[in-house]
Novice: 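Please find one structure pasted underneath; my questions will follow.
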Amino acid sequence: MSCVAFDRKLSVSLGLALAAPVLTGSTDRLSAFESRVLAAHNRERDAMGVPALVWDARLAQAARQWADHIARTGDLEHSPGDPSDLGEPGENLWAGTRSAYSPEEMVGLWIAEKSDFKAGSKFPFVSKSEDLEAVGHYTQLIWRKTMKVGCALSTGANEDILVCRYTVSGNVIGERVV
């Protein structure tokens, strides 16, 4: 056997061995959750030319408390914050069928709102359809001044709940998103 053929065979074998957990479905859909959620955010932020976010453990802890509350009560609602407190973190919520979505898919549903995003406009005039709720998760995710994120996943009776908290908060009236 030539060296080239052996190298090719070794490369293919190594590739299959490394891919085996994915191909057989034995990887945990939530493995490396924090880094995957952060990477999903930062891929879109990079595409929009805004600085990458860094993970914040305090925001993640606050997100965990709220995600657990939602999972317990079944009420998918934003946490009650003080609207006059400009230091209050921003927040994105997601709920979906229990054990059915990866972290990338969860964040991807917020990113999908990009199709209705009107770039270059000042908030709240950032939706092509003039429906702010159609883009609010996306604008928070890519908000230029936001530098930190912390997220947590909790499981309710029938669904998974993802809560992400952001500082500084986005969606500020009169400011540009990016």
Side-chain angles (χ1 to χ4, degrees), residues 30 33-34 36-42 44-45 48 50-118 121-178:
L30 298 178
F33 173 80
E34 292 174 6
R36 290 169 62 191
V37 167
L38 180 62
H41 277 78
N42 285 335
E44 184 60 25
R45 290 177 65 86
M48 294 302 291
V50 294
L53 298 172
V54 296
W55 190 263
D56 186 285
R58 286 184 8 185
L59 290 172
Q61 179 57 36
R64 159 71 55 215
Q65 291 172 355
W66 193 246
D68 288 348
H69 169 80
I70 293 171
R72 212 173 29 257
T73 65
D75 295 328
L76 186 66
E77 59 188 13
H78 286 282
S79 62
D82 180 357
S84 66
D85 181 3
L86 298 178
E88 190 75 28
E91 182 178 73
N92 275 347
L93 306 178
W94 175 92
T97 303
R98 191 175 178 167
S99 301
Y101 293 88
S102 70
E104 295 81 4
E105 291 169 319
M106 295 172 198
V107 175
L109 289 168
W110 295 332
I111 294 170
E113 294 176 1
K114 181 178 186 174
S115 64
D116 195 42
F117 176 61
K118 185 167 52 172
S121 299
K122 289 184 179 179
F123 195 84
F125 307 105
V126 293
S127 170
K128 293 175 187 173
S129 66
E130 299 182 9
D131 178 7
L132 184 55
E133 290 184 17
V135 297
H137 299 103
Y138 181 71
T139 54
Q140 174 59 79
L141 191 145
I142 63 164
W143 196 263
R144 176 180 304 282
K145 293 181 181 178
T146 299
M147 295 293 146
K148 297 178 183 180
V149 65
C151 304
L153 185 68
S154 191
T155 301
N158 298 311
E159 56 193 6
D160 287 333
I161 309 295
L162 174 66
V163 175
C164 287
R165 296 273 176 94
Y166 305 84
T167 60
V168 298
S169 180
N171 296 346
V172 178
I173 293 175
E175 291 189 16
R176 291 197 189 281
V177 178
V178 294

Novice: Tell me if the CZ atom of Arg98 is crowded by more than 12 foreign heavy atoms within 6.0 Å.
Specialist: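 Yes, the 6.0 Å shell around CZ holds more than 12 heavy atoms from other groups.
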
Novice: Work out which heavy atom in Glu77 is nearest to a heavy atom in Ile70; give both atom names and the distance.
Specialist: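 Scanning both residues, the minimum pair turns out to be O-CD1, 3.8 Å.
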
Novice: Surrounding NZ of Lys122 (heavy atoms of other residues, nucleotides or ligands, distance under 6.0 Å), is the total greater than 12?
Specialist: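 Count not over threshold, so no.
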
Novice: Can you sort out the partners of Asp160 under salt bridge (Lys or Arg N to Asp or Glu O under 4.0 Å), two or more places apart, ordered by chain and number?
Specialist: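 Here the qualifying residues are Arg29.
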
Novice: Are the side chains of Leu93 and Ile161 in contact, using a 4.5 Å heavy-atom criterion?
Specialist: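 No, every pair of side-chain atoms sits at 4.5 Å or beyond.
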
Novice: Just wondering, do Cys151 and Met106 contact through their side chains at under 4.5 Å, heavy atoms?
Specialist: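 Of all side-chain heavy-atom pairs linking Cys151 with Met106, none is under 4.5 Å.
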
Novice: Could I get the full list of side chain to side chain contact (heavy atoms under 4.5 Å, CB included) partners for Gln140, not counting sequence neighbours?
Specialist: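 So Gln140 forms a side chain to side chain contact (heavy atoms under 4.5 Å, CB included) with Asn92, Trp143, Thr146, Tyr166, Ser169, Asn171.
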
Novice: I would like to know whether Thr139 and Phe117 meet side-chain contact (heavy atoms from CB on, under 4.5 Å); could you show each step before the answer?
Specialist: CA-CA 8 Å; Thr139 54; Phe117 176 61; 3.7 Å; yes

Novice: If you compare all heavy atoms of Leu141 against all heavy atoms of Ile111, which two are closest, and at what distance to 0.1 Å?
Specialist: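 What the structure gives for the nearest pair is CD1-CG1, 4.0 Å.
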
Novice: Just wondering, are more than 12 heavy atoms of other shown residues or ligands nearer than 6.0 Å to CD in Glu130?
Specialist: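 Incorrect, the count does not exceed 12.
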
Novice: Shortest non-hydrogen contact from Ser127 to Asp116?
Specialist: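 So the minimum-distance heavy-atom pair works out to OG-OD2, 2.5 Å.
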
Novice: Mind checking what makes side chain to side chain donor-acceptor pair (under 3.5 Å) contact with Ser154, not counting sequence neighbours?
Specialist: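 Ser154: side chain to side chain donor-acceptor pair (under 3.5 Å) contacts with Asp68.
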
Novice: Going by salt bridge (Lys or Arg N to Asp or Glu O under 4.0 Å), name the residues that satisfy it together with Glu159, two or more places apart in sequence or in a different chain.
Specialist: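 In terms of salt bridge (Lys or Arg N to Asp or Glu O under 4.0 Å), with neighbours along the sequence ignored, Glu159 is linked to no residue.
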
Novice: Is there side-chain contact between Phe33 and Leu162, with at least one heavy-atom pair below 4.5 Å?
Specialist: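 Yes; the side chains approach each other to less than 4.5 Å.
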
Novice: State, to 0.1 Å, how close Leu132 and Pro124 come at their nearest heavy-atom pair, and which atoms those are.
Specialist: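 Result for this residue pair: CD1-O, 3.8 Å.
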
Novice: Without swapping roles, check the side chain of Arg64 against the backbone of Leu153 for a donor-acceptor pair under 3.5 Å.
Specialist: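 Flag set: sc Arg64 to bb Leu153 pair under 3.5 Å.
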
Novice: Quick check: do Trp94 and His137 have side-chain heavy atoms less than 4.5 Å from each other?
Specialist: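 The answer is no, as the side chains (C-beta and beyond) never meet within the 4.5 Å cut-off.
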
Novice: What pair of heavy atoms forms the shortest contact from Pro89 to Leu59, and how long is it?
Specialist: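 That closest heavy-atom pairing would be CB-CD2, 4.0 Å.
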
Novice: Tell me, yes or no, whether the heavy-atom count around Asn158 atom CG, taken from other residues, nucleotides or ligands under 6.0 Å, exceeds 12.
Specialist: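 No, the 6.0 Å shell around CG holds no more than 12 heavy atoms from other groups.
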
Novice: Take atom NZ of Lys148 as the centre, draw a 6.0 Å sphere, and report whether it contains more than 12 heavy atoms from other residues, nucleotides or ligands.
Specialist: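 Atom NZ in Lys148 is not packed in, count stays at 12 or less.
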
Novice: Any heavy-atom pair between the side chains of Lys114 and Tyr138 that's under 4.5 Å?
Specialist: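 Of all side-chain heavy-atom pairs linking Lys114 with Tyr138, at least one is under 4.5 Å.
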
Novice: With a 4.5 Å heavy-atom cut-off, do Trp110 and Glu44 have their side chains touching?
Specialist: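 Side-chain contact under 4.5 Å: no.
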
Novice: Using the salt bridge (Lys or Arg N to Asp or Glu O under 4.0 Å) criterion, which residues pair with Lys128? Sequence neighbours excluded.
Specialist: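 With neighbours one apart ignored, the set is empty.
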
Novice: Looking only at non-hydrogen atoms, find the nearest pair between Trp55 and Ala60 and report the distance.
Specialist: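 Looking at all heavy atoms of both residues, the shortest contact is CZ2-CB, 3.8 Å.
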
Novice: So, using side chain to side chain donor-acceptor pair (under 3.5 Å) as the criterion, who are the partners of His69 when residues are at least two apart?
Specialist: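 If we apply the side chain to side chain donor-acceptor pair (under 3.5 Å) test to His69, skipping adjacent residues, there are no hits.
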
Novice: Could you measure the distance from the CD1 atom of Ile142 to the CE atom of Met48? Nearest 0.5 Å is fine.
Specialist: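 One finds 4.0 Å between CD1 of Ile142 and CE of Met48.
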
